[in-house]
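Starting from 1, each residue takes its place in the sequence as its number.
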Amino acid sequence: MNMTRIIVLAVALVAGGVAFYLMMGNRPQAPTQIALPVEEKTTRILVSDVDLVRGERLQADKVRWTTWPEKALSPSYVTEASGGKPEDLANAVARTTIVKGEPIIESKIVRVGASGMMAAVLEPGMRAVSMRISPETAVSGFVLPGDRVDILFTRTEGNNGAQTRTLFENVKVLAINTIYSENPETPTIEGANVTLEFTPPDAEAFITARASGTLNLALRSVFSQTEVVKAEAKRSGNLSVIRYGRS
């Protein structure tokens, strides 16, 4: 084989290689498949916007709507789809502590009119006791739930006539009749009964005094109240004069 044929063969091989390379480079690339994320279904539920303590009311400014995945939805949650509204819980109270961002669930709140409402309003360790009232003994209906009152005890003591003493000071009014929500639009409530909050020993003393004399409520000014007064008791005869919280 002469040199010319070798050169021609080499050129042919090179040309073939170049043609193969160009052919491979022009092959259409397989389309790239992009996996789109699956959109998760969500709904809006009501959650606490602040830390709520036991007995605190769920005003509209203390709760808010937030997006929640449907797969993690509990039937006890208050949802926007079910027609729940923050205004519907304005007078409900927390049975237990609810932290900020926690969903509002029925087992942790007591709605208005539900059983157990008064038990949720009471401070831990306190007792609710009621007495009959009239316009004369309850400041003509101007004592409302949430107010604080002094309780005056009047009894006739032999020839000394009627004697009146302050029996308790700064007692919280829980309810008038069966109304226990604080409504500033209601200036007066013509009540027949008032429910008051006492410690257990004070509740006993109150019931004893209720059976042995006349009790009157004296409304305290909201501006003079800075804290619950727990002064030392004074005694007069066999009757304990109690400054709220101590006998």
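Criterion: ILVMFWY side-chain heavy atoms under 4.5 Å apart, direct or through other members. Under it, W65 and V63 are part of a common hydrophobic cluster. In the hydrophobic clustering of ILVMFWY residues, with side-chain heavy atoms under 4.5 Å counting as a link, L152 and L167 come out apart. Using a 4.5 Å cut-off between side-chain heavy atoms of Ile, Leu, Val, Met, Phe, Trp and Tyr, with links allowed through other members, L174 and V110 fall into the same hydrophobic cluster. Grouping the Ile, Leu, Val, Met, Phe, Trp and Tyr side chains by contacts below 4.5 angstrom, directly or via other members, places L73 apart from L46. Linking ILVMFWY side-chain heavy atoms closer than 4.5 Å, directly or via other members, places L196 and F153 in a single hydrophobic cluster.
The heavy-atom pair separating A205 from F168 by the smallest distance is CB-CZ, 4.1 Å. Here the closest non-hydrogen pair linking S130 and F206 is O-CE2, 4.1 Å. The shortest non-hydrogen separation linking V47 to P103 is CG1-CA, 3.8 Å. The two residues A175 and P145 have their closest heavy-atom pair at CA-CG, 4.2 Å. Counting all heavy atoms, side chain and backbone alike, A209 lies closest to L215 at CB-CD2, 4.3 Å. The shortest non-hydrogen separation linking V194 to I133 is CG1-CG2, 3.4 Å.
Taking S76 as the reference, S74, I105 meet the side-chain contact (heavy atoms from CB on, under 4.5 Å) condition, with sequence neighbours excluded. Applying the side-chain hydrogen bond (donor to acceptor under 3.5 Å, both in side chains) criterion to T208, with sequence neighbours excluded, gives no partner residue. Judged as a side-chain contact (heavy atoms from CB on, under 4.5 Å), and not counting sequence neighbours, the contacts of A72 are W68, P69. Among residues two or more places apart in sequence or in another chain, the side-chain contact (heavy atoms from CB on, under 4.5 Å) test is passed with V139 by F142, V143, L219.
Residues M126 and K172 have side chains not in contact (no heavy-atom distance under 4.5 Å, counting atoms from C-beta outward). By the 4.5 Å heavy-atom criterion applied to side chains, T66 and R44 are not counted as neighbours.
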Begin with the C-alpha distance, continue with both residues' side-chain angles, and end with the deciding distance and a verdict on side chain to side chain contact (heavy atoms under 4.5 Å, CB included) for V129 and R210. CA-CA 11 Å; V129 183; R210 187 181 62 187; 4.0 Å; yes

For R220 and D150, run side chain to side chain contact (heavy atoms under 4.5 Å, CB included): C-alpha distance rounded to whole Å, both residues' side-chain angles, the deciding distance at 0.1 Å, then the answer. CA-CA 7 Å; R220 295 177 68 95; D150 293 344; 2.8 Å; yes

Start with the C-alpha distance between S48 and I104, add both sets of side-chain angles, then the distance that settles side chain to side chain contact (heavy atoms under 4.5 Å, CB included), and finish with yes or no. CA-CA 7 Å; S48 175; I104 302 298; 4.1 Å; yes

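Among residues at least two apart or in separate chains, there is no salt bridge (charged side-chain N to carboxylate O under 4.0 Å, His left out) pair with a member in residues 126-140. For residues 60-72, the salt bridge (charged side-chain N to carboxylate O under 4.0 Å, His left out) pairs, not counting sequence neighbours, are E40-K71, D49-R64, E56-K62.
Taking CD1 from I176 and CG from L217, the interatomic distance works out to 7.5 Å, rounded to the nearest 0.5 Å. Rounded to the nearest 0.5 Å, atoms CE (M131) and OG1 (T195) are 10.5 Å apart. Between atom CG of residue D147 and atom OG of residue S221 there is a gap of 10.5 Å, rounded to the nearest 0.5 Å. Expressed to the nearest 0.5 Å, how far CZ of R165 lies from OG1 of T154 amounts to 9.0 Å.
A donor-acceptor pair is defined here as one N or O able to donate and one able to accept, closer than 3.5 Å; such a pair exists between the side chain of E197 and the backbone of E123. Judged by distance alone, the side chain of N193 and the main-chain N or O of N177 form no donor-acceptor pair under 3.5 Å.
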